Amino acid sequence: MAPALRRAAIVGGNRIPFARSGKRYAQASTQDMLTAAIDGLVARYGLQGERVGEVAAGAVLKHSRDLNLTREAVLSTALAPTTPAYDVQQACGTGLEAAVLVANKIALGQVDSAIAGGTDSASDAPIAVDEGLRRVLLDLGHARTPQQKLKAISRLRPGNLVPAPPRNSEPRTGLSMGEHMAITAAERRIPRQAQDELALASHRNLTAAYDRGFFDDLVTPYLGLKRDDNLRPDSTLEKLSSLQPVFGRSGRAADLAEPTMTAGNSTPLTDGAAVVLLASDEWAEQRRLPVLAHLVDAETAAVDYVHGGDGLLMAGAHAVPRLLERNGLTLQDFDLYEIHEAFAATVLAVLDVWNDEEYCRERLGLPAALGTIDRSKLNVAGSSLATGHPFAATGARILASTAKLLSERGGGRALISICAAGGQGVTAIVEA
Amino acid sequence: MSTVAPFVRVLDAPPVLARLYPRAVTSRPDPSADPTRTALEQRGVRVDADRLAAYDRVCGFPLRDDLPPTFPHILGFGAQMALMVTEPFPFRLVGLVHVRQRIEQSRPLRLGEELTVRASAAPVRSHRSGAVVDLVAEVGTGDGEPVWRGVSTYLARGASAPAGAVADDAVDLPMPDAGQPALWRVPADTGRRYAGVSGDVNPIHLSTASARLLGFKRAIAHGMWTAARSLATLDARLPQALTVDVQFAKPLLLGSTVQHVAARDGDGWRTAVRGRGGIPHVVTRVLPG
């Protein structure tokens with residue numbers, strides 16, 4: 001007989017400060033960073049030597065040798081070596097999707113405690129051999145006779161020796177994520193100034209959150225870094241508006257009349273790791289660990305960005321109405337909104353379509369527009385524009401911060417939406 | 001036995017081993033020298049993340065802010081060598097064999113701490129195969145008590161200790177009660193890689209050709225690499241405050257496949273790296289505190 005469902009509690013989280021790629025964590029691997037993030041969590045919640053139900057985490061930029069990345073990291077931590085682990089990979093949705101997976105197991109009673117998260121390094125990115133060379137090497141391995149071996153080698157060309165670095169472009173469109181977003185931003189007519197204002201708010205909110213000690217129990221310093229080094233506490237609208245657009249410039253794939261997306265209102269390549277501790281209420285109570293909030297429900301959507309005319313990063317806009325309907329809520333029934341700032345334009349485009357009667361009817365199949373939100377409830381402790389965005393780590397960063405924000409205000413409900421490559425979006429409801 | 005505090009010479013720069021080794025070949029030992037007379041000290045030593053990351057990668061530790069317990073050895077090694085080469089010393093450096101290492105740490109040292117490193121020597125002891133001398137490295141922060149202390153015991157085969165010297169009473173470390181051993185394929189370039197991070201460019205570790213000149217069939221692993229690689233397998237299970245004893249037995253030829261065993265022993269651990277027929281290369285014992 002299936003056990004009664006129970007809501008998964010969010011007990012806390014931990015991350016290392018995020019670092020712009022090629023800088024402070026240039027020598028750290030994804031496994032090093034995930035190990036550091038978990039070890040900080042273990043220290044904070046007294047889990048040394050404990051067997052946690054499971055650990056689910058992943059990386060977007062992943063070396064082929066890291067097939068068991070999370071398990072290998074767990075074996076390097078102070079957790080009991082009997083703690084099982086598996087890797088999850090759903091682009092930038094990895095961290096939140098991992099949390100949803102373990103929360104569901106907790107809800108079903110299959111595990112009582114779990115750690116979810118992610119890690120990414122743009123500094124220590126995998127570099128593959130050229131596809132032609134790879135084919136030759138594989139055929140060489142299969143060759144039996146000297147003739148077959150010679151035939152395989154004869155296909156080698158000098159160009160094959162150039163390595164293939166990882167690409168930040170969608171395989172089916174050849175466009176980078178920024179170019180995709182620039183097209184959507186132009187379609188939705190998202191003004192440059194609104195994007196810069198959102199970026200500024202992110203830096204200001206994150207600075208204020210650090211200054212009031214909000215991250216004292218959410219962040220563990222790593223390699224001497226104590227705060228995210230992308231944070232610009234002294235940034236101004238003037239500085240942000242002086243930057244040149246980098247996506248949608250003429251001559252590029254998305255050749256726009258008025259490109260708006262700059263390095264200031266787009267997330268930089270970042271290194272880092274984040275994890276979140278989830279458990280049943282009973283497990284937390286036994287250890288006298290306060291519960292910050294509960295993960296109530298989640299919905300992942302995907303859009304047809306290849307042929308369907310949807311923006312690559314707009315799937316969150318599609319997931320949320322389904323999540324709202326299932327939970328009998330309206331868009332306005334939330335005290336906090338956490339919309340991942342892949343680009344400032346992503347957040348603004350999602351808010352824009354939710355308030356667009358036509359889009360809501362035709363694209364989302366709704367009877368009317370979802371409406372607007374109170375912008376003072378959006379990303380109140382800063383988000384990815386200021387923090388940086390180590391792809392797989394972002395979900396756990398947002399989930400832990402959201403749970404703590406709700407707990408701080410003595411209760412409430414929060415909506416989380418994270419866009420991901422491949423036209424996907426992971427969303428969740430958190431309540432305290 | 002020396003009871004006088006040694007004269008402390010402060011080094012302006014870290015000793016360069018690539019220069020000390022050639023000098024060690026030509027320098028003449030002074031059999032009457034008292035190695036305890038002088039200590040060498042380096043102040044304001046800082047470990048940066050690049051150096052630590054390179055060490056961790058070669059030895060198998062994850063990159064943390066805590067320095068692995070074997071790491072401070074490479075901070076003191078240069079000064080230890082300098083003590084044996086540039087100061088009056090009773091034995092020739094060439095031919096000395098690192099037979100044991102003890103590590104005591106009250107807490108892990110951390111990345112970015114400003115460190116003081118001091119190298120000194122203990123009185124020579126007699127040994128059934130010659131004489132032994134302990135080279136001591138102490139690493140601390142500022143002027144306080146050292147946080148980390150390493151004692152490297154070197155055997156001078158066939159040498160004689162001064163009259164009245166104490167006898168070396170060390171006994172062999174027992175092998176761990178081992179279960180299934182892990183297999184290590186030790187890459188042939190391990191010696192060059194460890195030399196790169198430790199500065200220990202002793203030719204016996206670098207290549208077959210250079211090792212042959214000194215009577216080895218192939219290049220051999222740095223003993224402290226083997227010990228570090230062994231302790232790295234315990235990793236997060238290593239106590240914060242600890243005492244490690246390492247015994248270096250048969251040299252480990254690079255490029256070979258060896259077995260690694262580790263087993264709990266009370267509150268601590270025992271590990272061993274052993275070759276064909278179970279002959280030990282390195283045996284360690286880890287105790288908390």
Side-chain angles (χ1 to χ4, degrees), chain A residues 14 16-17 19 22-43 46-52 55 63 65-66 68-83 85 119 121 123-124 219-226 229 271-273, chain B residues 45-69 71 107-115 141 179-180 182 185 187 193 196-197 228-242 260 262-264 266-269 271 286 288:
Chain A
N14 186 57
I16 57 174
K23 296 191 173 207
R24 294 297 281 269
Y25 302 163
Q27 300 299 327
S29 67
T30 48
Q31 190 177 315
D32 289 331
M33 294 190 291
L34 183 58
T35 301
I38 295 173
D39 263 338
L41 188 82
V42 166
L47 302 176
Q48 292 88 346
E50 282 223 35
R51 176 168 63 86
V52 171
V55 180
H63 294 259
R65 62 168 189 253
D66 287 340
N68 237 342
L69 171 68
T70 309
R71 172 68 180 145
E72 288 297 329
V74 164
L75 283 173
S76 286
T77 69
L79 287 173
T82 49
T83 301
T119 173
S121 170
S123 303
D124 189 37
V219 173
T220 306
Y222 184 56
L223 303 187
L225 190 61
K226 295 190 175 69
D229 67 3
D271 306 335
Chain B
V45 176
R46 272 183 207 279
V47 178
D48 66 41
D50 288 1
R51 186 177 183 193
L52 178 62
Y55 179 88
D56 285 345
R57 271 199 291 267
V58 177
C59 299
F61 289 99
L63 178 59
R64 309 173 191 277
D65 285 71
D66 287 349
L67 307 184
F71 183 90
R107 64 161 175 90
L109 290 163
R110 288 180 66 80
L111 195 62
E113 283 184 321
E114 188 172 316
L115 305 174
T141 52
Q180 174 63 37
R185 288 164 192 90
R193 291 181 64 209
V197 297
R229 177 77 186 81
S230 177
L231 295 182
T233 66
L234 302 177
D235 195 15
R237 277 153 267 287
L238 285 171
Q240 299 270 297
L242 53 69
H260 181 257
R264 277 191 188 280
D267 295 344
W269 291 87
T271 75
V286 181

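Keep in mind it's a predicted model, so treat the numbers as computed, not measured. Side-chain atoms are counted along with the backbone in the values below, which use heavy atoms only and exclude waters and symmetry mates. Reminder, nothing fancy here: chain letters follow the sequence lines and each chain counts from 1.
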Inset, instruction - Examine distances only and state if a side-chain atom of B:Asp50 and a backbone atom of A:Gln27 form a donor-acceptor pair shorter than 3.5 Å. - result: no
Inset, instruction - Just give me the residue among A:Pro221, A:Ala73, A:Pro81 that pairs up with chain B most often, heavy atom to heavy atom, under 4.5 Å. - result: A:Pro81
Inset, instruction - Would you give the length of the straight line joining atom CZ of B:Arg57 to atom CG of A:Asp32, rounded to the nearest 0.5 angstrom? - result: 8.5 Å
Legend entry - Gap between atom CG of B:Leu63 and atom OH of A:Tyr222 - 0.5 Å precision: 3.5 Å
Inset, instruction - Name the region of A:Ala28, side chain, backbone, both or neither, that has any atom closer than 4.5 Å to a heavy atom of chain B. - result: both
Inset, instruction - With rounding to the nearest 0.5 Å, note down the distance linking CG in A:Leu223 to CG in B:Leu111. - result: 6.0 Å
Legend entry - Residues B:Arg64, A:Asp39: salt bridge by 4.0 Å N-O rule: yes
Inset, instruction - Flag yes if more than 12 heavy atoms outside A:Arg51 fall under 6.0 Å of its CZ atom; otherwise flag no. - result: no
Legend entry - Nearest non-hydrogen partners of A:Thr77 and B:Ala236, listed with the distance: O-CB, 3.2 Å
